[in-house]
Amino acid sequence: MVYVELTVDVTPMEIYSDIVMYELGEIGFESFVNTDKGFKAYIPQGDFNQDVLAETLGSISDCDINYTCQEIPDQNWNAVWESTHEPVLVEDFCWVYAPFHSPNADVQYNILIEPKMSFGTAHHSTTYLMISFLRDENVEGKNVLDMGSGTGVLAILAEKKGAKYVEAIDNDEWAYRNALENTETNECSNINVRLGDASALGETKFQIVIANINRNILLRDMKYYIDVLEKGGVLLLSGFYEHDIPAIRTEAENLGMTFDCFRERNEWVACRFTKN
């Protein structure tokens with residue numbers, strides 16, 4: 001299959017590169033490779049629309065985006081993907097790897113993820129931060145909710161750490177199917193993968209709620225996450241930057257939460273709250 005290769009330079013790259021990738025994924029781009037100034041993105045030639053691309057990139061404000069396009073002849077795309085996709089080691093604790101990598105005998109938890117197009121391979125700083133927080137959380141025998149679960153990597157880690165029941169919810173059908181595949185691959189038996197959003201939450205109560213989404217959705221839906229969180233339970237939030245903490249913290253505290261701490265990686269942050 002002939003593909004179109006889009007070379008994108010983003011300034012400031014650290015903050016906006018992931019945002020631009022997400023928007024391109026929404027219009028059909030299938031894979032991404034990081035570069036020194038941004039990334040390369042690939043889409044089948046038949047799915048490429050120059051006008052839609054220009055409109056999408058033009059709608060992203062507060063950053064400078066320069067891009068060029070070229071057609072790439074048919075080649076072994078699996079080999080290309082495997083040559084650029086690296087496993088991720090999180091603090092000598094968790095190894096997130098793809099089927100074409102080997103497990104790591106020197107870490108506590110190995111998680112095999114078929115990456116495809118779902119968010120959550122641990123390459124992104126927010127997923128890394130959430131894994132870091134989960135390292136320090138006691139999930140043994142607890143109910144855990146993972147909102148915006150993507151590949152299911154955080155839900156899988158929660159079960160591996162001893163969670164009694166894990167609910168993984170994502171509103172993207174591709175992510176939903178990918179998470180089903182990944183939970184099966186990792187031999188998980190206590191994870192309920194669901195397609196939906198906060199409106200899908202029922203009567204089940206949780207002792208830990210994880211939400212790695214984005215600032216606007218977190219501010220909109222946080223009340224629903226907290227409604228199903230038991231008193232004394234932990235809320236872990238990520239998907240935003242350090243300058244967003246005041247807005248996130250204010251909303252959480254207005255809903256009866258206590259701010260505990262935050263962690264930062266490449267300008268992205270994750271926050272921990274406890275329900276009063």
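These numbers come from the heavy atoms of this one structure, side chains and all, not from hydrogens, waters or symmetry mates. Computed from a predicted structure; not experimentally measured. Numbers for residues simply follow the sequence, beginning at 1.
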Taking the six-membered ring for Trp, are H101 and W95 ring centroids under 6.0 Å apart? no

Can you check whether I43's main-chain N or O pairs, donor with acceptor, with D47's side chain at less than 3.5 Å? no

side-chain contact (heavy atoms from CB on, under 4.5 Å) with T126: of D18, N212, V269, only one passes, and it is N212

In this structure, are over 12 heavy atoms from other groups packed under 6.0 Å from Q50 atom CD? yes

Can you tell me how far apart CG (L236) and CE (M147) are? Round to the nearest 0.5 Å. 14.0 Å

R194 with E167: basic N within carboxylate O range, under 4.0 Å: yes

How about K223: does its NZ atom have over 12 heavy atoms from other parts shown lying under 6.0 Å from it? yes

Do L229 and V234 have side-chain heavy atoms sitting under 4.5 Å apart? no

Euclidean distance, L134 CG relative to C94 SG, rounded to 0.5 Å: 9.0 Å

First locate atom CG of L218, then atom OG of S238, and finally report the distance between them rounded to the nearest 0.5 Å. 8.5 Å

Donor-acceptor check, side chain of E159 to backbone of S189, threshold 3.5 angstrom: yes or no? yes

Assess whether atom CD of E184 is packed by more than 12 heavy atoms of other residues, nucleotides or ligands within 6.0 Å. no

V139-L237 co-clustered via ILVMFWY side chain contacts under 4.5 Å: no

Mark yes or no: R215 above the aromatic ring of F240, with NZ or CZ under 6.0 Å from the six-membered ring centre and no more than 45 degrees from the axis. no

Can a salt bridge be assigned to the pair K275 and E230 using a cut-off of 4.0 Å between side-chain N and carboxylate O? no

Could you check whether atom NZ of K205 has more than 12 heavy atoms from other residues, nucleotides or ligands sitting under 6.0 Å from it? yes

For a salt bridge (charged side-chain N to carboxylate O under 4.0 Å, His left out) check, start with the C-alpha distance between E91 and R135, then their side-chain angles and the critical distance, and finish with the verdict. CA-CA 9 Å; E91 299 179 356; R135 174 179 185 167; 3.8 Å; yes

Ring centres under 6.0 Å, that's the criterion: do Y42 and Y3 meet it? no

Any donor-acceptor pair under 3.5 Å from Q70 side chain to I72 backbone: no

May I ask you to decide if D197's main-chain N or O and N171's side chain share a donor-acceptor pair within less than 3.5 Å? no

Tell me if the CD atom of E23 is crowded by more than 12 foreign heavy atoms within 6.0 Å. yes

Could you grab the distance from atom CG of D221 to atom OH of Y224, nearest 0.5 Å is fine? 6.5 Å

Check this for me: does any side-chain nitrogen of one of R177 and E181 sit under 4.0 Å from a carboxylate oxygen of the other? no

Please check if the side chain of N186 supplies one atom and the backbone of T183 the other of a donor-acceptor pair under 3.5 Å. no

With a 4.5 Å cut-off on side-chain heavy-atom distances among I, L, V, M, F, W and Y, is there a chain of contacts connecting I156 to V107? no

Check this for me, if you would: do R272 and D260 make a salt bridge, where the nitrogen-to-carboxylate-oxygen distance has to be below 4.0 angstrom? yes

Here the gap from E267 atom CD to Y241 atom OH, rounded to the nearest 0.5 Å, amounts to 8.0 Å

